[in-house]
Amino acid sequence: MKLNWKYFTIIFFLSFVVFILFLAYRAMRENFELISPNYYADELKYQEKINASENAGTLSESLKVEAINKSITIDLPKDFEGKSISGEINLVRPSDKSKDVKVPLNASMKGVQQISSNKFVKGLYLLQIQVKCDGKDYFFEQNIFMQ
């Protein structure tokens, strides 16, 4: 049997349809997660985060972070020493929400806090620290790569 242009056209269109169906199947299986389940509500409060970041910029020194062997050491600026502080530490894994870690800020550690977790895997984390001190909010954000 000799193939002519009609058969080539039919084979081309059928392969195109199979390719499109394959792409649709792959797209349906893709997981699209937002960093926060209340992303849009959080976005409306973003000005508060901007103000807290500006407050953090006015401190005499910056935040020091060190990540070694599934452990993170956070050294808060000396401006918080001897003051009553509260807050929380969020370690967000952009690629996998199940690897996120949320820890309350421990004010009794003299400005140094260590976080160890088996959830930490090699890769990128977004460190977000929210601190409230003397009625003023501070916000620190930094990328960390776990080894």
Side-chain angles (χ1 to χ4, degrees), residues 8-147:
F8 283 119
T9 306
I10 292 170
I11 291 171
F12 173 77
F13 281 119
L14 286 177
S15 62
F16 179 74
V17 168
V18 168
F19 177 70
I20 294 297
L21 290 174
F22 173 73
L23 286 180
Y25 170 75
R26 291 288 301 219
M28 300 277 280
R29 294 184 49 108
E30 189 67 32
N31 187 11
F32 296 102
E33 292 180 356
L34 296 175
I35 289 179
S36 169
N38 300 323
Y39 177 79
Y40 297 107
D42 292 346
E43 189 66 27
L44 295 175
K45 297 178 187 175
Y46 197 68
Q47 185 61 43
E48 296 170 8
K49 191 180 282 189
I50 292 171
N51 294 341
S53 292
E54 289 174 356
N55 290 341
T58 63
L59 297 173
S60 63
E61 61 182 16
S62 63
L63 180 78
K64 295 177 187 87
V65 178
E66 189 174 355
I68 300 173
N69 296 334
K70 293 192 178 192
S71 177
I72 297 174
T73 304
I74 300 169
D75 189 6
L76 292 173
K78 302 294 181 211
D79 299 19
F80 296 130
E81 273 187 15
K83 296 181 180 176
S84 175
I85 62 173
S86 63
E88 70 178 11
I89 300 170
N90 293 320
L91 287 147
V92 179
R93 174 82 177 192
S95 62
D96 188 0
K97 185 178 180 179
S98 68
K99 303 285 190 254
D100 290 358
V101 176
K102 188 181 236 182
V103 179
L105 185 63
N106 192 346
S108 65
M109 301 289 290
K110 294 191 178 186
V112 178
Q113 184 165 352
Q114 188 164 9
I115 303 168
S116 298
S117 176
N118 290 334
K119 279 187 160 184
F120 291 143
V121 294
K122 184 177 180 179
L124 179 70
Y125 284 87
L126 179 62
L127 172 70
Q128 298 174 331
I129 302 176
Q130 297 164 345
V131 180
K132 189 167 192 85
C133 179
D134 295 337
K136 212 171 189 182
D137 291 328
Y138 299 89
F139 181 74
F140 303 93
E141 189 171 62
Q142 183 176 342
N143 288 330
I144 296 175
F145 190 81
M146 294 300 291
Q147 302 288 339

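- Each ring pair (Phe, Tyr, Trp, His ring centres under 6.0 Å) pair with one or both residues in residues 46-75, not counting sequence neighbours, would appear here, but there are none.
- Note that the CE atom of Met28 and the CG atom of Leu23 stand 13.0 Å from one another [nearest 0.5 Å].
- With hydrogens and angles ignored, the 3.5 Å screen pairs a side-chain donor or acceptor of Gln113 with a backbone N or O of Pro104.
- In this view, Lys70 and Phe120 satisfy the side-chain contact (heavy atoms from CB on, under 4.5 Å) rule, not counting sequence neighbours.
- Shortest non-hydrogen contact noted between Leu124 and Pro94 is O-CD, 3.6 Å.
- For Leu76 against Glu61, the heavy-atom pair with the smallest separation is O-OE2, 4.3 Å.
- When the shell of 6.0 Å around CZ of Phe145 is examined, it contains more than 12 heavy atoms from other residues, nucleotides or ligands.
- In this structure, the side chain to side chain donor-acceptor pair (under 3.5 Å) partners of Tyr25, at least two apart in sequence or on a different chain, are Arg29.
- Legend: residues meeting side-chain contact (heavy atoms from CB on, under 4.5 Å) with Lys102, ordered by chain and number and at least two apart, are Glu88, Asn90.
- Listed by chain and residue number, Lys78 satisfy the salt bridge (charged side-chain N to carboxylate O under 4.0 Å, His left out) test with Glu81 (two or more places apart in sequence, or in another chain).
- Phe80 meets the ring pair (Phe, Tyr, Trp, His ring centres under 6.0 Å) test with Tyr138; sequence neighbours excluded.
- For Ser15, there are no side chain to side chain donor-acceptor pair (under 3.5 Å) partners, not counting sequence neighbours.
- When the side-chain contact (heavy atoms from CB on, under 4.5 Å) test is applied to Ser53, the partners found at least two apart in sequence or on another chain are Phe139.
- Applying the salt bridge (charged side-chain N to carboxylate O under 4.0 Å, His left out) rule to pairs touching residues 124-137 yields Lys83-Asp134, Lys132-Asp137, sequence neighbours excluded.
- Residue Arg93 comes nearest to Gly123 through the heavy atom pair NH1-CA, 3.1 Å, listed as atom of the first residue, atom of the second, then distance.
- Among Ile115, Ile129, Asp100, the single residue meeting the side-chain contact (heavy atoms from CB on, under 4.5 Å) criterion with Leu91 is Ile115.
- Partners of Asn51 according to the side chain to side chain donor-acceptor pair (under 3.5 Å) rule, which considers only residues two or more places apart in sequence or in another chain, are Gln47.
- Residue-environment remark: CG (Asn69) stays at or below the threshold of 12 foreign heavy atoms within 6.0 Å.
- Atom CD of Glu66 sits in a sparse spot, with 12 or fewer heavy atoms from other residues, nucleotides or ligands closer than 6.0 Å.
- Residues that satisfy the side-chain contact (heavy atoms from CB on, under 4.5 Å) test with Thr9, not counting sequence neighbours, are Trp5, Phe13.
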Checklist entry - Given the rule in the side-chain contact (heavy atoms from CB on, under 4.5 Å) test, do Ile72 and Ile89 qualify, once you have shown the distances and angles that lead to the verdict? => result CA-CA 11 Å; Ile72 297 174; Ile89 300 170; over 6 Å; no
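- Contact between Ser116 and Ser71 at its shortest, heavy atoms only, is OG-OG, 3.4 Å.
- With sequence neighbours excluded, the residues forming a side chain to side chain donor-acceptor pair (under 3.5 Å) with Glu141 are Gln128, listed by chain and number.
- The minimum heavy-atom distance linking Leu63 with Asp75 is given by the pair CD1-O, 3.7 Å.
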